[in-house]
Amino acid sequence: MAQKPAIPKGTRDFLPTEVAKRNYMFATIKEVFRRYGYAPIETPSFELSSTLLGKYGEEGDRLIFRILNSGEKMRKADLDALAQDNLPRFANSLAEKALRYDLTVPFARFVVQHQNDLTFPFKRYQIQPVWRADRPQHGRYQEFTQCDVDVVGSDSLLNEVELIQIFDEVLTKLGLPGFSIQLNNRKILSGIAEVCGEAARIVDMTVAIDKLDKIGEEGVIAELEQKGFSEASIEKIKPLFAFEGSNADKLTLLRAYLADSEVGQKGLDELSEVLEQINHLGLQRGELIFDLTLARGLNYYTGAIFEVKAHNVKMGSICGGGRYDDLTALFGLKGLSGVGISFGADRIYDVMTELELFPKELDRTLDILFVNFGAEEGKYCLKLLQQVRNLGLAAELYPSAAKLQKQLKYANDRNVAYVVMIGAEEAAAGTLSFKNMETGAQEQLSSADFLTKCGQLF
RNA sequence: GAGGUUGUAGCUCAGUUGGUUAGAGCGUCGGAUUGUGGUUCCGAAGGUCGCGGGUUCGAGACCCGUCUUCCUCCCCA
């Protein structure tokens with residue numbers, strides 16, 4: 001009995017029409033990246049475990065897919081660690097390699113390793129799959145594709161401005177009717193932690209505040225209490241919940257709130273400059289929002305942080321990013337600041353599918369089908385077929401002289417635009433029947449007229 | 001990693017308190033129709049009821065385990 005076929009959870013197959021849509025999306029994204037001066041690179045699907053581990057926090061490490069050592073390397077297994085119930089160490093000894101978790105950390109490794117061959121500031125884009133041992137859910141996969149743009153070797157805020165423009169341009173070009181680009185700055189969050197006297201626990205604090213819109217003020221306070229924050233700290237945090245209004249309003253409120261924090265003020269300076277620039281340049285469909293609750297879990301961000309959400313769909317963030325000052329330092333190259341963003345291709349695809357934003361033409365993988373009436377007629381068709389293909393159209397001759405009904409059904413199922421029939425009747429008259437599959441209309445044409453028409457129609 | 005949920009034909013799902021040979025619609029294939037698709041009619045193929053164990057005279061149904069689906073949390077794109 002044949003085994004029922006299946007693929008691992010959180011992975012997907014892509015049908016031809018789906019690939020066509022994905023390619024359209026990637027082409028749009030690449031084209032924008034290219035015009036902003038970014039060049040593509042690629043890195044391996046898997047890295048040394050040591051490159052990835054410890055870069056994404058404890059939570060992230062748990063989600064990294066490890067690759068089991070093979071052959072003799074199995075002997076490196078640290079059985080003492082297992083005996084001591086130190087599972088992480090045991091796991092590390094079993095797996096020297098791991099699938100990449102994102103594109104940013106491998107990029108930092110890449111930059112350090114090829115620093116002598118690169119010209120800084122270095123601007124690159126990278127579109128490749130990444131893997132996470134996450135629990136699959138709506139919009140969450142174990143294998144998905146990220147589209148990253150980063151620039152390293154420049155701490156200019158012009159880069160942040162440019163990246164926001166890229167968010168806006170790509171998503172507008174893809175046809176999203178509306179989306180929010182949320183902006184915050186890690187330095188502001190540091191400032192808040194400082195003011196509250198909780199500088200050491202900035203991550204716990206910001207993760208809790210991040211949930212404000214989800215669980216509300218009381219929920220956040222409950223979580224802070226549960227994490228062991230003191231009454232006094234929580235009292236200091238509370239005023240933040242009331243910081244609402246326009247971006248400018250929030251800035252003003254925070255200026256005062258963070259008066260005693262040097263980092264906080266620095267963060268506000270950076271943020272207001274970016275806001276001002278974007279305000280001056282204007283955005284197409286994106287709405288830039290300063291969201292002081294935006295935290296983002298990745299612990300390597302040091303400056304601006306971004307997140308993008310599509311309007312009118314139930315879907316988590318579709319893009320993210322931020323500035324990281326010390327990422328390359330982890331690999332031995334100090335003083336190189338980077339900033340980058342990532343488009344979540346699969347979520348954007350899901351959003352576009354839900355909102356029906358893909359052009360209809362993408363469902364068509366064949367423009368013209370030549371009906372096969374037999375060997376003799378087929379020979380004549382092949383000549384014409386060649387000419388049609390030279391015009392750039394997707395065309396084919398049905399491979400066997402099956403019943404006409406069957407061939408038309410095939411054309412129908414493949415969503416073919418036009419069918420050409422050259423049988424005994426047409427051959428005798430020196431014409432061909434040209435049938436529009438959408439309207440059903442049919443006309444007799446000479447081969448010359450047919451080719452002219454093909455040139456015009458497509 | 002925590003909690004819940006799901007699994008029966010290629011797909012979507014019925015299947016009574018446990019009781020003969022497990023059904024439907026859609027899809028597929030063939031025919032009605034040997035040169036005209038999407039509609040209609042007729043017919044056919046297609047199932048170890050996720051997998052493994054258990055209870056029972058008897059399990060698709062009940063119990064345990066396991067995997068899977070979807071959801072919430074965590075975290076994230």
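Letters A, B, ... mirror the listed sequences (proteins, then strands); counts begin at 1. Note that the coordinates shown come from a computational prediction; the quantities given were computed from them, not determined experimentally.
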B:C76, OP1 or OP2 - any side-chain N/O from A:Lys214 closer than 4.0 Å? no

P gap between B:U5 and B:G43, integer Å: 43 Å

Once you measure the plane-to-plane angle for A:Tyr56 and A:Tyr101, does it fall in the parallel (<30°), tilted (30-60°) or perpendicular (>60°) bin? tilted

On the nucleotide B:G37, are OP1 or OP2 found under 4.0 Å from the side-chain N or O atoms that A:Gln407 carries? no

Rounded to whole Å, NZ of A:Lys406 lies from P of B:U33 at a distance of 19 Å

Tell me whether the side-chain N or O atoms of A:Arg135 pair up with the base of B:C76 as donor and acceptor below 3.5 Å, since no angle test is needed here. no

Can you measure A:Lys9 atom NZ to B:U5 atom C1' for me and round it to whole angstrom units? 15 Å

Between B:G52 and B:U16 - C1' atom distance, rounded Å: 29 Å

Whole Å only: how far is the CD atom of A:Gln142 from the C1' atom of B:A77? 14 Å

5' priority, RNA chain B, between A:Pro8 and A:Lys227 [closest heavy atom]: A:Pro8

Going by the angle between their ring planes, with limits at 30° and 60°, are A:Phe370 and A:Phe450 parallel, tilted or perpendicular? perpendicular

For B:G38, does the base pair up with any side-chain atom of A:Glu438 as donor and acceptor (N or O, under 3.5 Å, distance only)? no

I'd like to check, for A:Phe343, whether its ring lies over the base of B:A77 with centroids under 5.5 Å apart and a plane angle smaller than 30°. no

Just say parallel, tilted or perpendicular for the rings of A:Tyr324 and A:Tyr301, cut-offs at 30° and 60°. tilted

Could you state the atom-to-atom distance from CD of A:Glu223 to C1' of B:C75 in whole Å? 12 Å

Would you verify whether the NZ or CZ of A:Arg100 falls within 45 degrees of the ring axis of A:Phe46 while also being under 6.0 Å from that six-membered ring's centre? no

Closest nucleotide among B:U28, B:G37, B:G35 to the A:Leu404 side chain: B:G35

Contact class for A:Gly423 vs. all strands (heavy atom < 4.0 Å): base, sugar-phosphate, or nothing? base

Quick check for you: among B:G35, B:G30, B:A32, whose closest atom lies nearest to any side-chain atom of A:Lys403? B:A32

Considering only heavy side-chain atoms of A:Lys314, the closest of B:U72, B:C75, B:G35 is B:U72

Between B:C76, B:G1, B:G35, which one does the side chain of A:Arg62 approach most closely? B:G1

When we call it a touch if two heavy atoms are under 4.0 Å apart, what does A:Glu426 touch: a base, just sugar-phosphate, or nothing? base

If I take atom NZ in residue A:Lys409 and atom C1' in nucleotide B:U33, what distance separates them, rounded to the nearest angstrom? 15 Å

Which of these nucleotides, B:C75, B:U28, B:G38, is closest to any side-chain atom of A:Asn412? B:G38

Please report, rounded to the nearest Å, how far the P atom of B:C76 is from the NZ atom of A:Lys55. 17 Å

State which of B:U33, B:A77, B:C71 makes the closest approach to the side chain of A:Gln405. B:U33

Using only modelled atom types and a 3.5 angstrom limit, is any donor from either the side chain of A:Gln442 or the base of B:U36 paired with an acceptor on the other? yes

Side chain of A:Met437 - closest among B:C74, B:G37, B:C70: B:G37

For A:Asp134 and B:U72, give me the distance from atom CG to atom C1', rounded to whole Å. 14 Å

If you measure from the P atom in B:C74 to the same atom in B:G53, how many Å do you get, rounded? 40 Å

Gap in Å between the two P atoms, one belonging to B:C29 and one to B:G37, rounded: 15 Å

Is it the case that A:Arg323 and A:Asn185 place a side-chain donor and acceptor less than 3.5 Å from each other? no

Classify the nucleic acid contact of A:Ala345 as base, sugar-phosphate or nothing, counting any heavy atom under 4.0 Å across all strands shown. nothing

When rounded to the nearest Å, what value does the distance between P atoms of B:G54 and B:G7 take? 24 Å

Relative to each other, are the rings of A:Phe167 and A:Phe306 parallel, tilted or perpendicular (30° and 60° limits)? perpendicular

Are the charged groups of A:Glu361 and A:Lys21 less than 4.0 angstrom apart, N to O? no

With RNA chain B as reference, determine whether A:Lys211 or A:His138 sits nearer its 5' end, using the nearest nucleotide of each. A:His138

Among the nucleotides B:C71, B:G35, B:A77, which one has an atom lying closest to any side-chain atom of A:Arg347? B:A77

Ignoring the backbone of A:Phe373, work out which of B:A77, B:C75, B:G35 is nearest its side chain. B:G35

Interatomic distance, A:Arg132 CZ vs B:C76 C1' [rounded to whole Å]: 6 Å

If I pick the P atom on B:A24 and the same atom on B:A14, what distance separates them, to the nearest angstrom? 16 Å

